[in-house]
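This chain uses plain numbering: 1 for the first residue, then up along the sequence.
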Amino acid sequence: DGSFLRDAIAADPEAYLGTNATAQDCRDNLTAGPRSFLPREPLDLHGTLKGNGLGVALAVAGLLVIAASTFAGADWTSGSLVTQLLFEPRRGRLWAAKGLAVTLASGVVALVTIGGFWLAMYLVAVDRDVPHGSGIMSDVGWHLLRAVLFSMGAALGAFALTMLFRHSVATLALLFVLSVGGEILTSLLPVVNVGRWTLGNNVSGWRETRVA
């Protein structure tokens with residue numbers, strides 16, 4: 001078994017590990033350490049940007065869509081819009097103020113959340129001496145800007161749809177059909193390169209950077 005092999009090599013380390021090998025070399029090479037039980041991939045900011053970074057941005061945008069839709073739908077469901085219109089009878093002005101508030105709040109949330117994620121990645125990279133030069137940080141900066149703008153646009157769109165339908169469920173159902181059903185439908189169409197027109201590919205393309 002493993003212990004027998006270790007004992008045999010420790011008895012004559014040079015015969016197994018080469019000239020000048022010692023029993024300590026045997027223990028270092030054959031004894032399992034913490035890394036053997038907790039394997040960890042080396043941090044790579046390029047890989048993180050194309051993997052977890054895009055996933056975090058998409059998750060934040062999705063949550064902001066739900067929040068924006070709920071924000072508008074709650075006013076319709078509770079009837080509080082009637083009270084609000086008593087103070088501001090011009091609906092266009094009220095809708096615009098609400099839309100602006102949703103857009104700005106979504107931008108702040110996206111910036112803090114996604115920016116916090118990349119700040120943590122940057123600090124870890126500095127601590128571990130992982131390459132974090134101007135090239136990759138420029139890509140991260142552009143990715144952050146695109147992700148924040150996308151989150152703001154997605155939240156504003158969800159708010160507008162909810163104001164149109166007057167129900168959060170209708171907005172979320174429509175978005176689900178477009179995102180999931182649209183992907184399935186386009187994959188079944190006998191058209192070459194139709195995938196480039198899907199919602200998922202265009203969203204990923206918008207959040208992508210020049211990282212190869």
key: Side chains of I114 and W118 in contact at under 4.5 Å (non-hydrogen atoms)   = yes
For the hydrophobic clusters of this structure (ILVMFWY residues joined by side-chain heavy atoms under 4.5 Å, transitively), does one cluster hold both [X] and [Y]?
X: L58; Y: L149; answer: yes
X: V169; Y: L175; answer: no
X: V124; Y: L49; answer: yes
X: V177; Y: L172; answer: no
X: L161; Y: I66; answer: yes

Which residues pass the side-chain contact (heavy atoms from CB on, under 4.5 Å) test with [X], sequence neighbours left out?
X: T162; result: S69, A72, S168, T171
X: A67; result: none
X: T77; result: none

task = Could you tell me which non-hydrogen atom of S151 sits nearest to which non-hydrogen atom of V60, and how far apart they are?
result = OG-CG1, 4.3 Å
To the nearest 0.5 Å, how far apart are [atom1] in [X] and [atom2] in [Y]?
X: L111; Y: L144; atom1: CG; atom2: CG; result: 6.0 Å
X: K50; Y: D139; atom1: NZ; atom2: CG; result: 9.5 Å
X: M121; Y: L45; atom1: CE; atom2: CG; result: 8.0 Å
X: T113; Y: L64; atom1: OG1; atom2: CG; result: 7.5 Å
X: Y122; Y: M137; atom1: OH; atom2: CE; result: 6.5 Å
X: M163; Y: R91; atom1: CE; atom2: CZ; result: 9.0 Å

key: From CA spacing to verdict: side-chain contact (heavy atoms from CB on, under 4.5 Å), V102, S106   = CA-CA 6 Å; V102 167; S106 299; 4.1 Å; yes
Derivation of the side-chain contact (heavy atoms from CB on, under 4.5 Å) call for F117 and N52 = CA-CA 10 Å; F117 170 80; N52 294 337; 4.3 Å; yes
inquiry  = side-chain contact (heavy atoms from CB on, under 4.5 Å) for V148 and M152? Distances and angles first, verdict last.
reply    = CA-CA 6 Å; V148 170; M152 295 171 67; 3.9 Å; yes
query = Could you walk me through whether L54 and H143 pass the side-chain contact (heavy atoms from CB on, under 4.5 Å) check?
reply = CA-CA 9 Å; L54 297 180; H143 164 76; 3.7 Å; yes
